[in-house]
Amino acid sequence: MDISRRGFVKATAVALASAAAAGTMSSLVGCASGEGQSTTAASGDGQKYTSVCRFCGCGCGVICEVKDNKLISVTGDPDNESNKGLNCVKGYYLAKIMYGDDRLTTPMIREDKSTKGTGEGLREASWDEALDLVSSKLKETWKSDKSRLAFWLSGQQPITEGYACAKFIKAGLLSNNVDPNARLCMASAVVAFMNVFQTDEPAGSYSDLDEADVFVTWGANMAEAHPMLYSRLTARKLSGEGVKHYDLGTIRTRTSASADKTMIFHPNTDLAIANCIANYLVSEKKYDEAFVNDHLQFKQGTEDIGNSFEDGYDKSEIGSKVDAVSPITFEEYAARLEPYTFEYTSQLSGVAVEDLKELAEVFADPNKKVMSLWTMGVNQHNRGTWMNHCIYNVHLLSGKIAQPGCGPFSLTGQPTACGTAREVGTFSHRLPADLLVANEQHRRYTEAIWDLPEGYLDEIKAPGMHTVKMFRELSKGNIDFMWSAHNNWAQSMPNLTRFLGEGADNKGIFDTFIVVNEVYPTLSTQYADVVFPVALWVEREGQFGNAERRTAVFEKAVDAPGEAKWDLWTFMEVAHRVLDGEKIGSEDAFDHLFGFIYDKNARDFKNDDRETNRLLWEEYRIFSNPEMNDKAKAINDDADGTFGAKLKMEAKQLAPYEEYLANHGMTWPVRNVNGTWKSTKWRFAEGSQDEGFDEVGVKQYGKPGQAGGVSFYKSANLKPSVVFRPYEPPAQTPSDEYPFYFVTGRLLEHWHTGTMTRRVPELDRALPEALLNMNPDDCKKLGIQDGDMVKVKSTYGEFDIKVSTAGRTEPPAGVTFAPFFAEETLVNLAVQDVYCPLSKEPDYKKTCVSITKL
């Protein structure tokens, strides 16, 4: 058969994602004993443990089989409702991520700061030496100037662990200088959820993939970034009559292969496209009039907000107003939409008028169930929050929300970016469970749960440094102590040149005392002063919360190698040293915060992994009390001091820990219905409890059901907001000097910076290097052929890379793409660190670059 390389790569990528997700690759399970050996899914020789995949936000359930303290196989868990036994190719090789030859097993200390960045200069140390050093440096900074502290946590950190870290930093150290790496991927979605619904995370569930009539992917390469979900999308297309898929993006991807129509638009004009659809619905009176009249309110925000090129943007006159919104009428909203005609939008975006009309008619059809899905193409956007708003606007106007198969669905990138980073308070502006540090009631509520004196948290009522601000300050020498866990910032941050590159003012990275919790050597450990070797995945128990709000427990299955420890143990050991001599009221500060789980004298947890997690979970779930705002107001009237105790007796939206184990995960909110704990599939929807709707939940929240079968129980006035957001151009546009857009992202075989997947020989052989995908016409103009090395340069930095015109992505002329998994091809040296002014999430998709053949 004659087939081009391009065709082969395209067919193989889609087949690999779909076949793996369909469960046909069980024979590829990695064996712990060495490369090339494997075991089948049902060997039955070892003990089995329930777990969750360590990679993306799909949250696939897996079964781990263990023999002789070795993980010998990983297979899909048919009892986990997120994936129902399906896994992608990365999931089937999970066993091998544990056993790379270069696992870190001993604490390491750097003696000479001049060796930073070289991969040398770290020596082995005892745990006591490393812990004492870190504690002394942290306490020194905390006591002298806590504004010079920084903690960078992660959407890969288990829920209870992230919760405990947030409690230590915010209540113990009284610092908000903590942020997760989810700021790089989900912050725009978070801010938009809160703006629109006053609550975070999607309303729908993965069940929508099995029932939708139309899929619209906005900047989402699901085939490679969320392959199990993509498999369900394609399965629905094959099984459902007339099911359609529209793919919108700035490049063609493997996801485009299944689309009935692919619409390639000019960068940032997705804003105009969404407004064009909204304009059509309103001007042609094809919106859901009853839904709009009964359920929605309309607003407009600050416009012409510029871009965050410099550090002072957030406090500038315009930067301080970006969150402001004001009410408008429906008629005023309609008038704001009027310029976004099909003709104007087509001219601006490059998408044909007939294609725009076809997509608008999809949303106008009351008989079509439409599911929108989006990821980094929307979130990593200089107007990322705005674009999230625009997608919600279209679904709210058409009434296509909070019903099976119908709704806007933001997909997360990390295994617990929802469950940990967003829910437990590791963002610099958040407290657990949607609470905000700037909200006095929320601080009072948190104080009640943590048994803190009233007003104790007022010292942290201002948000701390967000991620980009944190690393900009690091580059200038304004951070004295930084601790990172479950991330690889020296590869994943944008504009690495700012603090790593040649000629950069990188004084800060040498002067800052840097602590890294890690399982393998990375670029970040090369800059660390202390490296803590920590347990990986099922070497301790934990929980992940995925994109459909499903919390699932992964059980401890094997012991960590050498002297590697549970991350939480390292934090507890440092916490009790740093808080030594401190008081909360009349009690020892550490014991007040963590005495219920940890014995500082015995230097160990009071119970095993399971009970420690359960105790943390039981405290954390108190935050999910649905009447938090009303009850927070009552604190000042709590004369007898029993408010906190009463709170702990209230109904909650999270189930007891054991329920998550028994059910292989449950979707939030989880409600007690006649003694049985029930998951919620569709938030805001009224209907039969047997169908997984939220009828009981609506009653529990004390809000009456409204006409139309929905109740937006957390929204202001029970009405979500349609917020008008206009088209504004990218932060940079191509010029004669920098004529190309550069886009970066993920591909199927490797996850994020490749720390785990590149230790799997099969995955590394399948995708051994990062390539720059270019349009053939652009290559021809530059005299470049496949395999040539080029220099990619921006105003921020540069990197060298090999070119391919037959890669996974097919960029249009003027656009290029490369993944960021390869540390030897450090693409983020050139990526801009301009961010969405509302969410502070960087735009990784539109850096203007030049390309020169080497």
Hey, could you give me the [atom1]/[atom2] distance between [X] and [Y], rounded to the nearest 0.5 Å?
| X | Y | atom1 | atom2 | answer |
| --- | --- | --- | --- | --- |
| H389 | L271 | NE2 | CG | 11.5 Å |
| R383 | S188 | CZ | OG | 11.0 Å |
| S346 | L356 | OG | CG | 6.0 Å |
| N83 | C88 | CG | SG | 10.0 Å |

Min side-chain heavy-atom separation [X]-[Y] under 4.5 Å:
| X | Y | result |
| --- | --- | --- |
| R549 | C418 | no |
| N546 | P415 | no |
| V216 | S372 | yes |
| Q491 | L826 | yes |
| N773 | I251 | no |
| Q414 | N181 | yes |
| H486 | T416 | no |
| R54 | F544 | yes |

Parallel, tilted or perpendicular: rings of [Y] and [X] (30°, 60°):
| X | Y | result |
| --- | --- | --- |
| F342 | Y280 | tilted |
| W751 | F55 | tilted |
| Y835 | H466 | perpendicular |

Query raised in the report: Step by step, would you call E728 with D304 a side chain to side chain contact (heavy atoms under 4.5 Å, CB included)?
Result: CA-CA 7 Å; E728 288 187 6; D304 300 318; 3.7 Å; yes

Query raised in the report: Strictly by modelled atom types, are Y246 and E358 linked by a side-chain donor-acceptor pair under 3.5 Å?
Result: yes

Query raised in the report: Is it the case that T825 and E769 place a side-chain donor and acceptor less than 3.5 Å from each other?
Result: no

**Report entry** CA sep, side-chain torsions, deciding dist, call: Y392, F197, ring pair (Phe, Tyr, Trp, His ring centres under 6.0 Å)
**Finding:** CA-CA 10 Å; Y392 291 130; F197 302 105; 5.4 Å; yes

Report summary line: Given the options K469, R472, K840, D314 meets salt bridge (Lys or Arg N to Asp or Glu O under 4.0 Å) only with K840

Query raised in the report: Between F742 and F799, does a ring pair (Phe, Tyr, Trp, His ring centres under 6.0 Å) hold up when you go through it step by step?
Result: CA-CA 12 Å; F742 175 63; F799 61 91; 5.5 Å; yes

Report summary line: The side chain to side chain contact (heavy atoms under 4.5 Å, CB included) partner of K244 among D213, D260, L359, V362 is D260

Query raised in the report: Can the ring centroids of F363 and H395 be said to lie less than 6.0 angstrom from one another?
Result: yes

